Amino acid sequence: STFISVSAVESSASVGMYQGVPVLDLDYAEDSTAETDMNVVMNEAGRFIEVQGTAEDGDYDFDQLQQMIALAQKGIAELVVKQKQVLGLL
């Protein structure tokens, strides 16, 4: 049997503004033409490790930033649950 010691779970998500709409986990077609592309890394406590975003075509406003962060938080929370299930931590 293998023992895995995990003190904290971290996860990341890609989000962006595609045709004016916030999108989680952009595919290649979306990513290559997105107005904004952002990577967010968070831990299981919901605290940020990294936020990196670039306006690829123009700029983005604070409301759009908040929409992308909220979408990333939702996706990361789902990933953390899945990771903990796989690791037998739930």
Side-chain angles (χ1 to χ4, degrees):
S1 131
T2 302
F3 176 74
I4 299 173
S5 175
V6 178
S7 60
V9 175
E10 295 178 359
S11 193
S12 64
S14 168
V15 292
M17 296 301 291
Y18 177 71
Q19 297 180 350
V21 177
V23 177
L24 178 66
D25 193 24
L26 298 115
D27 63 24
Y28 176 77
E30 292 165 335
D31 187 44
S32 63
T33 59
E35 296 95 62
T36 304
D37 182 19
M38 180 176 285
N39 298 308
V40 180
V41 181
M42 299 176 75
N43 63 23
E44 65 183 300
R47 298 185 58 85
F48 293 95
I49 308 299
E50 177 182 357
V51 176
Q52 180 183 22
T54 303
E56 303 288 349
D57 184 19
D59 54 22
Y60 56 96
D61 62 26
F62 187 67
D63 184 55
Q64 291 170 316
L65 174 63
Q66 288 180 308
Q67 290 176 43
M68 289 184 287
I69 293 290
L71 193 56
Q73 287 176 307
K74 181 180 181 296
I76 289 170
E78 292 174 11
L79 287 172
V80 165
V81 169
K82 296 288 186 192
Q83 288 172 325
K84 291 176 93 172
Q85 287 172 337
V86 167
L87 294 170
L89 300 174
L90 287 180

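Owing to the predicted nature of the structure, the values given are computational and were not obtained by experimental measurement.
- Side-chain atoms of Glu10 and Ile49, non-hydrogen and from C-beta on, do get closer than 4.5 Å to each other.
- Follow the hydrophobic side-chain contacts under 4.5 Å out from Val15 and you never reach Val21; the two are in separate clusters.
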TODO: Begin from the C-alpha positions of Glu78 and Lys82 and carry the test salt bridge (charged side-chain N to carboxylate O under 4.0 Å, His left out) through to its verdict.
DONE: CA-CA 6 Å; Glu78 292 174 11; Lys82 296 288 186 192; over 6 Å; no
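- Both Leu65 and Leu71 are assigned to one and the same hydrophobic cluster, defined by single-linkage of ILVMFWY side chains at heavy-atom distances under 4.5 Å.
- Leu87 and Val81 are assigned to two separate hydrophobic clusters, defined by single-linkage of ILVMFWY side chains at heavy-atom distances under 4.5 Å.
- Judged purely by atom type and a 3.5 angstrom limit, Glu56 has no side-chain atom pairing as donor or acceptor with the backbone of Ala34.
- The two residues Tyr60 and Ala55 have their closest heavy-atom pair at CD2-CB, 3.8 Å.
- Tyr18 and Thr33 get closest at one heavy-atom pair: CE1-OG1, 3.2 Å.
- In this structure, OG1 on Thr54 lies 8.5 Å from CG on Asn39, to the nearest 0.5 angstrom.
- Taking each heavy atom of Ala8 and Glu44 in turn, the nearest pair found is CA-OE2, 3.1 Å.
- Contact detail for Ile76 and Val40: the closest heavy-atom pair is CD1-O, 3.4 Å.
- Using a 4.5 Å cut-off on side-chain heavy atoms (C-beta onward), Met42 and Val80 make no contact.
- Val23 pairs with exactly one of Glu30, Met17, Met68 by the side-chain contact (heavy atoms from CB on, under 4.5 Å) rule, that one being Glu30.
- Sparse packing is recorded around CG of Asp59, with 12 or fewer heavy atoms of other residues, nucleotides or ligands lying under 6.0 Å away.
- A donor-acceptor pair is defined here as one N or O able to donate and one able to accept, closer than 3.5 Å; such a pair exists between the side chain of Glu35 and the backbone of Gly20.
- Residue Ala72 comes nearest to Leu24 through the heavy atom pair CA-CD1, 4.4 Å, listed as atom of the first residue, atom of the second, then distance.
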